[in-house]
Trainee: 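Questions regarding the structure given below will be posed in turn.
The figures that follow rest on heavy atoms only: side chains count, while hydrogens, waters and symmetry mates do not.
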Amino acid sequence: MITYFKRIGVITLILLLLAACSTEAPGSANETEENTDKQGEEGVKVGFSVSTLNNPFFVTLRDGAKAGAKEAGYKLLTVDAQNDPSTQLSDIEDLLQQDIDVLLVNPVDSSAIVSAIELANDKEVPVITVDRSAEGGEVKTHIASDNVKGGEMAGEFIAEQLGEAGNVVELEGIAGASATRERGEGFHNRIDQLDKVEIAASQSADFDRTKGLAVMENIIQSVGDFEAVFAHNDEMALGAVEALAAQNLLKDVIVVGFDATDDAVAAVEEGTMAATIAQQPELIGEHAIEAVEKIINGEEVEAFIPVELQLITK
């Protein structure tokens, strides 16, 4: 019986020793794994909230930033807002939870984005806006083409083609986007000066090709003759081209877009579009990462970094 109890005592002692050995302490296996993960995440992390990746322009913009980040050795975390302001806010909240060093924002809506930028400001995360600006919050720099100037270029081209007389249709972008406001402003700066040029219709198609097609179909049915279309981006312009072609009107109407996406440039070369304004989105993305590097290094950045525009014609 004594031997039995001795055996029990030995077994109990062994179990106690094993339990003591398994107790976690500083420098334990689990914490080492966590530290390893953290070491793998060291370096600059850049969050990039894009308005939509369902548009070739913004895909190219993202790719430019991606290439720049790779060259700089930065980690780029990209999220797609799918043209929804509430989704963009949620995405940015998630990015801020991941301890990003700098936030790049391509706003869906220039007013709605302010609350998200202010969240970044509260966390002392520097903010850079690209292509579209924000109406509030602290932004280190805005990188974009001069949308007003681009709209003026489009208006000037259409005026020349029409001999400063005729009816024009305007397809507007998303109502709250700065690009919509600025491109429209530039376009009207030129067109509104001409006594013999009338805006036959001005409707939003949300920068979307399918909506551009549908809106143009409705305009064809409801408006009389018109000789030109200015779309605030190429996707809407290409939708308008489809609608006009279906009604055998394309040969009689000048279509001008904005962005110079691959499809639009091909359409210009084919003669189905008359012109598009080239924005160079890849360069905008690259400049954004260059600005990130300056901010990380404590250098000053310009409040606005412009990217040159170009009129693309056949």
Side-chain angles (χ1 to χ4, degrees), residues 48-62 65 78-92 103-118 127-137 139 141-155 170-189 202-212 214-215 229-240 256-261 264 276-281 284-285 288 304-307 309:
F48 190 8
S49 174
V50 185
S51 60
T52 177
L53 289 174
N54 194 35
N55 182 321
F57 177 85
F58 295 113
V59 172
T60 305
L61 175 63
R62 185 275 314 272
T78 304
V79 288
D80 178 3
Q82 301 174 40
N83 274 333
D84 181 65
S86 60
T87 297
Q88 188 158 51
L89 173 59
S90 177
D91 285 346
I92 289 173
L103 174 65
L104 305 180
V105 183
N106 165 235
V108 174
D109 184 295
S110 298
S111 176
I113 198 61
V114 173
S115 57
I117 290 174
E118 289 175 341
V127 179
I128 296 171
T129 52
V130 292
D131 185 58
R132 301 174 184 170
S133 62
E135 292 182 3
V139 175
T141 184
H142 175 57
I143 304 170
S145 302
D146 186 336
N147 281 307
V148 174
K149 182 179 178 181
E152 290 172 348
M153 291 168 66
E170 180 182 14
L171 296 182
E172 300 175 323
I174 294 171
S178 61
T180 299
R181 180 177 63 254
E182 292 163 3
R183 293 174 190 182
E185 177 185 342
F187 178 66
H188 284 275
N189 284 347
S202 184
Q203 294 184 32
S204 174
D206 294 337
F207 291 128
D208 183 81
R209 188 181 303 199
T210 301
K211 290 182 181 179
V215 170
V229 174
F230 171 54
H232 288 189
N233 82 338
D234 286 333
E235 288 296 285
M236 295 187 296
L238 291 165
V256 177
F258 203 117
D259 287 340
T261 63
T276 181
I277 308 298
Q279 266 211 100
Q280 304 186 78
I284 294 174
F304 174 57
I305 299 174
V307 178
L309 291 165

Trainee: Would you confirm whether Thr180, through its side chain, and Ile174, through its main-chain N or O, come within 3.5 Å as a donor-acceptor pair?
Mentor: yes
Trainee: Rounded to the nearest 0.5 Å, what separates atom CD1 in Ile277 from atom CG in Asp259?
Mentor: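 Ile277 CD1 to Asp259 CG: 10.0 Å, rounded to 0.5 Å.
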Trainee: Would you compute the distance between atom OG of Ser115 and atom CG of Leu89 and round it to the nearest 0.5 angstrom?
Mentor: 4.5 Å
Trainee: Distance from Thr129 atom OG1 to Ile143 atom CD1, nearest 0.5 Å?
Mentor: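 If I round to the nearest 0.5 Å, the distance is 8.0 Å.
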Trainee: Any side-chain donor paired with an acceptor under 3.5 Å for Asp234 and Thr276?
Mentor: yes
Trainee: To the closest 0.5 Å, what do you measure between CG (Asp131) and CD (Gln279)?
Mentor: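 Going from the CG atom of Asp131 to the CD atom of Gln279 covers 5.0 Å.
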Trainee: Provide the closest heavy-atom pair for Asp146 versus Leu309 in the form atom of the first, atom of the second, distance.
Mentor: O-CD1, 3.1 Å
Trainee: Taking the inter-plane angle between the rings of His232 and Phe207 on a 0 to 90° scale, is it parallel (under 30°), tilted (30 to 60°) or perpendicular (over 60°)?
Mentor: tilted
Trainee: Would Ser145 and Gln280 count as having a side-chain donor-acceptor pair, cut-off 3.5 Å?
Mentor: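 There is no such pair (donor and acceptor under 3.5 Å, judged by atom type) between the side chains of Ser145 and Gln280.
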Trainee: Is a donor on one side and an acceptor on the other found under 3.5 Å between the side chain of Ser51 and the backbone of Pro107?
Mentor: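 No, the answer is negative, given that no donor and acceptor are paired below the 3.5 Å cut-off.
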Trainee: Which heavy-atom pair separates Ala65 from Phe48 by the least distance, and what is that distance?
Mentor: CB-CE2, 3.9 Å
Trainee: What's the shortest heavy-atom distance between Ser133 and Arg181, and which atoms?
Mentor: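 Taking every non-hydrogen atom into account, OG-NH2, 4.4 Å.
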Trainee: Rounded at 0.5 Å granularity, tell me how far OG1 in Thr60 sits from CD1 in Ile284.
Mentor: 10.5 Å
Trainee: Are the side chains of Asn83 and Asp206 in contact, using a 4.5 Å heavy-atom criterion?
Mentor: no
Trainee: Starting at CD of Glu135, measure out to OG of Ser110 and round the result to the nearest 0.5 Å.
Mentor: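 The distance works out to 5.5 Å.
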Trainee: For Thr141 and Ile128, run side-chain contact (heavy atoms from CB on, under 4.5 Å): C-alpha distance rounded to whole Å, both residues' side-chain angles, the deciding distance at 0.1 Å, then the answer.
Mentor: CA-CA 5 Å; Thr141 184; Ile128 296 171; 3.8 Å; yes
Trainee: Using modelled atom types and a 3.5 Å cut-off, is there a donor and acceptor pairing between side-chain atoms of Gln88 and backbone atoms of Val108?
Mentor: yes
Trainee: For Glu152 and Gly186, which heavy atoms make the closest approach, and how far apart are they?
Mentor: CG-O, 3.1 Å
